[in-house]
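Reckoned from all heavy atoms, side chains included, excluding hydrogens, waters and symmetry mates.
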Amino acid sequence: MRTELAFSVNDLAQTRFAVSPLWEVVTSLRALATAPVPALHRRWAEQVRPRLVGAGLERGRLAALVPATGHLPDFLNPTPAGPSPALADELTAITATAPEQVRADLDRLAAEHGGRLPARLRPLYRDPPAQLPRVAAEIETYWQLALAPYWARIRAVLEADVFHRARQAVEHGTARVLDDLHETVRWDGRALRLEQRHCAVERLDAGAGLLLVPSVFAWPRVLTRSLPPDPPQLAYPARGIAALWERRPGSRSDALAAVLGRSRARLLTELDSPASTTELARRTGLSAAAVSQHLTALRSADLTSAHRAGHAVLYARTAVADALFDPADIAPRPAG
């Protein structure tokens with residue numbers, strides 16, 4: 001399967017990047033729906049799946065809206081307003097989607113799955129304005145359970161990818177950037193050719209430029225969204241994702257203990273995977289009260305973050321803390 005996006009000089013000038021939380025929501029949901037989950041993301045999936053089951057999300061609207069294959073509803077990925085939109089702003093855009101667009105997406109989902117829409121999506125079809133806020137609320141719940149505890153690590157990878165490609169554009173031009181996005185994407189001097197794509201691109205003329213969205217969970221695919229008059233979006237696998245879920249080496253723990261104290265250094269080591277106070281107490285042998293006190297201090301130093309997960313609170317290392325274990329984790333930033 002092949003398509004192409006024809007470009008003018010003006011289109012190339014309007015090509016831009018965005019780091020989109022909603023794209024990570026949609027692509028991570030697809031990864032979870034795939035059997036088996038792609039090997040790269042299995043460690044993450046093993047951690048988050050019990051939380052999602054406990055919240056009943058596997059029976060919700062999102063699970064039906066994002067199947068393992070086929071069409072991804074365009075209304076779930078509105079055009080980012082800037083290079084790094086907040087999830088709240090993207091959810092506001094979802095709730096403002098025109099009813100006809102929601103129904104068009106649902107018609108396509110039904111056509112791809114036997115011509116019948118799942119029962120849990122029929123209220124959304126009947127009354128999009130009333131149901132879209134509920135979809136947004138479900139996305140927010142999913143975000144808190146599955147992505148927020150890991151977002152600092154994910155965002156560092158995405159921002160490093162954008163920085164790399166920005167330098168690539170400065171040194172070699174936009175054509176090099178387009179030709180280096182993915183093995184199935186090729187720039188031929190006038191058009192961007194996409195082979196074996198997993199979302200349809202129905203508009204062949206990219207008259208409003210192109211929005212490039214690095215993604216952790218799109219791997220190993222390239223995903224697209226084309227909905228005139230919005231610019232086409234292309235979500236591609238970000239560089240550096242192979243090591244995203246690897247355990248950070250603990251060889252620096254002794255050095256950190258000399259600065260932070262042994263208990264706090266141990267807690268940071270354990271937070272290679274997000275965990276609750278109770279779980280950390282069980283792992284370390286510290287009392288829950290002591291763990292809570294240490295986590296408060298670490299959070300004040302911007303070394304941990306807290307995320308509500310149902311009735312529990314999950315603590316996670318920040319990008320700053322990750323860099324203490326491996327300085328190479330620090331994402332490069334532009335000078336100035």
Sequence neighbours left out, what passes ring pair (Phe, Tyr, Trp, His ring centres under 6.0 Å) with F217? Give chain and number order. H41, W44

Salt bridge (charged side-chain N to carboxylate O under 4.0 Å, His left out) involving [X] - partner list, sequence neighbours excluded:
| X | value |
| --- | --- |
| R122 | none |
| E58 | none |
| D105 | none |

Can you name the side chain to side chain donor-acceptor pair (under 3.5 Å) partners of E140, sequence neighbours left out? Q144

Taken in chain and number order and not counting sequence neighbours, the residues that satisfy side chain to side chain donor-acceptor pair (under 3.5 Å) with E112 are none

Side-chain contact test, heavy atoms from C-beta onward, threshold under 4.5 Å: evaluate it for L29 versus V25 and give yes or no. yes

Which pairs with one or both residues in residues 92-143 pass ring-ring contact (aromatic ring centres under 6.0 Å, His included), sequence neighbours excluded? W143-W151

With ring centroids as reference points, do W245 and Y150 lie under 6.0 angstrom apart? yes

Under the side-chain contact (heavy atoms from CB on, under 4.5 Å) test, which residues partner [X], sequence neighbours left out?
| X | result |
| --- | --- |
| R308 | V313 |
| R134 | R61, Q131 |
| R266 | E270, T284 |
| D179 | R186, W187 |

Looking only at heavy atoms, which two atoms of G60 and R120 are closest? And how far apart? O-NH1, 3.0 Å

Before giving the answer on side chain to side chain donor-acceptor pair (under 3.5 Å), spell out for N77 and Q233 the whole-Å C-alpha distance, their side-chain angles and the decisive distance to 0.1 Å. CA-CA 9 Å; N77 290 112; Q233 298 184 47; 5.6 Å; no

Using a 3.5 Å cut-off and no angle test, enumerate the donor-acceptor pairs between side-chain atoms of residues 293-303 and protein atoms at least two apart in sequence or in another chain.
| unit_1 | atom_1 | unit_2 | atom_2 | d |
| --- | --- | --- | --- | --- |
| H294 | ND1 | R264 | NE | 3.0 |
| T296 | OG1 | S292 | O | 2.9 |
| S300 | OG | T296 | O | 3.0 |

Is the shortest distance from a Lys or Arg side-chain nitrogen in D161 or R165 to a carboxylate oxygen in the other one below 4.0 Å? yes

